[in-house]
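What follows is a set of notes on a single structure, which appears directly below.
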Amino acid sequence: MKPMFKWTALALALCLPLSANAHRAWMLPSATVLSGEEPWITVDAAVSNDIFYFEHFPLQIEGVGEPLVMPGQNPAAKAPAHPRAQLQIFRPDGSLAQPQFGNTGRYRSTFDVQLNQKGTWKLAIANHGLLARYKENGEMKRWSGQAADFAKHVPKDAEQLQVTETSSRMEVFVTSGQPSEHVLQPTNNGLELVANTHPNDLFAGEAAKFTFLLDGKPAADLKVTVIAAGIRYRDELNDMQLTTDKDGAVSITWPQAGMYWLEAISSQPIKNPASPASQKRASYTATLEVLAP
Amino acid sequence: MLKHALAVCALATSLSVSAADLQIEIEIPRLDVAEYHRPYVALWIEQDNQHITDLNVWYDLKMKNNEGEKWLKDMRQWWRRSGRSLELPVDGVSAATRAVGTHTVNFSRDSAALKPLKAGNYELLVEAAREVGGREILRIPFSWPAQQTQVARAQGSSELGRITLTVNP
């Protein structure tokens, strides 16, 4: 076993959902449209190749279970170089709730949320930071972290230094009763989805319109990928490849009911004297449920 | 999946029905299943795919902590069109589930349910969802108010049996 290598891969997968090894981080809610007084949902969170299958690593979340320690691994010696993901659970009024009954297993984390307020809830994991690659003493090094810590960790005179600003956001929407809008407001930081069609009002055969923003501005010509669940039981991935128009909008007509995974990635050069980065990479992913009419 | 099995016939003579201005007969079919629960049923009226008014919602009203409301969303068209925006129970709309058999519900034109209806063409929607079972939705067009007695039917194939709508002038 080479735990160090795996932990690095996992951390990378968290920062960059579509990294070279194609591991994707995702959350899968048990339901997104709920009735009743204070219904519960349970959520799976994992990092895997195939969407919605548990086959690689749990998505480790702060406040959800204990950090994963493999059998035979010394808890003290494991590599906690990368903190667990920070999950935010927004109630319809914007206040924060805590995950309950959290557990982290070999392949997935699970947690529950009691929807004790009517309206639309948002579960979000967002990261912003820097990724640096450079050569030191003839060896390629990689560092990722917050921009404020960059100077502390990366030598000033590092050779072949390449710095990328990274930003990722993963979201799930869940509605108890009547859908509401408050939690859909963008933060104007990184790549975000503005739901022209409410994300908990999606039906097979109908078109949904979403607009993407990069740092609050319409993200034109953005590649958006949509993949339906159930990959294991079909031969083709059947992914929908869409491109946003000049206003950052796409229209998605859902071919059938089910869970979908949506991903958008933007990568572009930047020139900002205040940042050591020459490239900015932002990703947005969401798990969406489409119902049968 | 919508199944239409529609027959409209104007009756020359008035039927000996009660004073109901709108009458719906709903057949809950007997099903040969190991575990049977009475279906949840929603009856409502639409015009051009827009929800106009709720007539009835049959669900488990008696469970403690209103837990019966947990499955209302399984009538997913009704939930989308109306249920999700309601504060339940709704007087005159919420009602207990019904046993296998044919049930008749009557509405007068002065009732809270029918008062919003202006003259025009409408559809009656009947949606049923059953715990550990399936879901079915039927539509029956009608015009309001009736110039003469209208009788229209739809035949369900799984969760619903025959639905008969009678609109009296």
Side-chain angles (χ1 to χ4, degrees), chain A residues 29-42 91-93 112-122 172-184 195-209 253-260 288-293, chain B residues 1-4 37 39-42 44 46 48-51 54 57-90 93-94 97 123 125-131 133-139 158-159:
Chain A
S30 55
T32 63
V33 173
L34 296 105
S35 59
E37 293 279 290
E38 293 191 345
W40 287 82
I41 56 161
T42 187
R91 289 194 186 89
D93 67 3
D112 300 345
V113 183
Q114 186 173 22
L115 308 178
N116 53 15
Q117 201 177 89
K118 293 281 183 196
T120 300
W121 292 58
K122 181 168 81 175
V172 166
F173 305 95
V174 177
T175 295
S176 169
Q178 178 85 328
S180 63
E181 305 288 331
H182 184 83
V183 300
L184 306 181
N196 307 82
T197 304
H198 195 286
N200 292 138
D201 202 16
L202 307 177
F203 283 79
E206 295 184 8
K209 186 182 171 190
T253 301
W254 311 100
Q256 76 261 337
M259 288 287 184
Y260 285 80
L288 300 166
E289 187 178 27
V290 174
L291 298 181
Chain B
M1 186 75 60
L2 295 181
K3 302 253 163 143
H4 280 252
H37 300 272
Y40 279 27
V41 176
W44 76 101
E46 290 190 358
D48 301 329
N49 291 317
Q50 298 294 312
H51 176 271
D54 283 324
V57 183
W58 303 347
Y59 63 100
D60 196 336
L61 289 158
K62 291 199 179 127
M63 287 181 77
K64 65 173 168 57
N65 302 327
N66 300 324
E67 276 177 26
E69 294 176 11
K70 182 174 170 183
W71 296 282
L72 286 172
K73 54 144 179 80
D74 292 341
M75 294 181 285
R76 46 181 194 262
Q77 262 316 320
W78 174 75
W79 186 249
R80 182 188 199 192
R81 300 271 197 230
S82 170
R84 67 189 189 185
S85 63
L86 298 178
E87 212 35 79
L88 291 156
V90 176
V93 174
S94 293
T97 56
E123 280 186 311
L125 281 93
V126 182
E127 184 172 21
R130 184 169 49 89
E131 193 180 347
R135 174 255 190 192
E136 185 166 31
I137 186 165
L138 296 171
R139 291 171 179 269
S158 55
E159 300 299 333

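A, B, ... follow the sequence lines: proteins, then strands. Residue 1 opens every chain. These values consider heavy atoms only, across backbone and side chains, with no hydrogens, waters or symmetry-generated copies.
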- Message: Please check this pair: side chain of S35(A) against backbone of E69(B), looking for a donor-acceptor N/O pair closer than 3.5 Å.
- Response: yes
- Message: Just so I know, are the side chains of R84(B) and D201(A) near enough to count as touching, which here means a heavy-atom distance under 4.5 Å?
- Response: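 When only atoms from C-beta onward are counted, D201(A) and R84(B) do touch, with a gap below 4.5 Å.
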Pair up each side-chain donor or acceptor in residues 115-122 of chain A with any protein partner under 3.5 Å, not counting sequence neighbours, and list the distances.
| residue | atom | partner | partner atom | Å |
| --- | --- | --- | --- | --- |
| N116(A) | OD1 | R91(A) | NE | 3.4 |
| Q117(A) | OE1 | D93(A) | N | 2.8 |
| Q117(A) | NE2 | D93(A) | OD2 | 3.0 |
| K118(A) | NZ | G36(A) | O | 2.5 |
| T120(A) | OG1 | T175(A) | OG1 | 2.8 |
| T120(A) | OG1 | S180(A) | N | 2.9 |
| T120(A) | OG1 | S180(A) | O | 3.3 |
| T120(A) | OG1 | H198(A) | NE2 | 3.0 |
| W121(A) | NE1 | Q117(A) | O | 2.9 |
| K122(A) | NZ | E171(A) | OE2 | 3.3 |
| K122(A) | NZ | V183(A) | O | 3.1 |

- Message: Ignoring hydrogens, what is the shortest heavy-atom contact between L34(A) and W79(B)? Give both atom names and the distance.
- Response: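 So the two residues come closest at O-CZ2, 3.5 Å.
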- Item | Distance, nearest 0.5 Å, that separates CD of E37(A) from CD of E67(B) |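 With rounding to 0.5 Å, CD (E37(A)) is 9.5 Å from CD (E67(B)).
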- Query: Which bit of A292(A) is near chain B, if near means a heavy-atom gap under 4.5 Å: side chain, backbone, both or neither?
  - Reply: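 Contact with chain B: backbone and side chain both.
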- Item | Toward chain A, the part of N65(B) with a non-hydrogen atom under 4.5 Å | backbone
- Which is it for E289(A) and R76(B) under the salt bridge (charged side-chain N to carboxylate O under 4.0 Å, His left out) test, yes or no, and what are the steps along the way? CA-CA 13 Å; E289(A) 187 178 27; R76(B) 46 181 194 262; over 6 Å; no
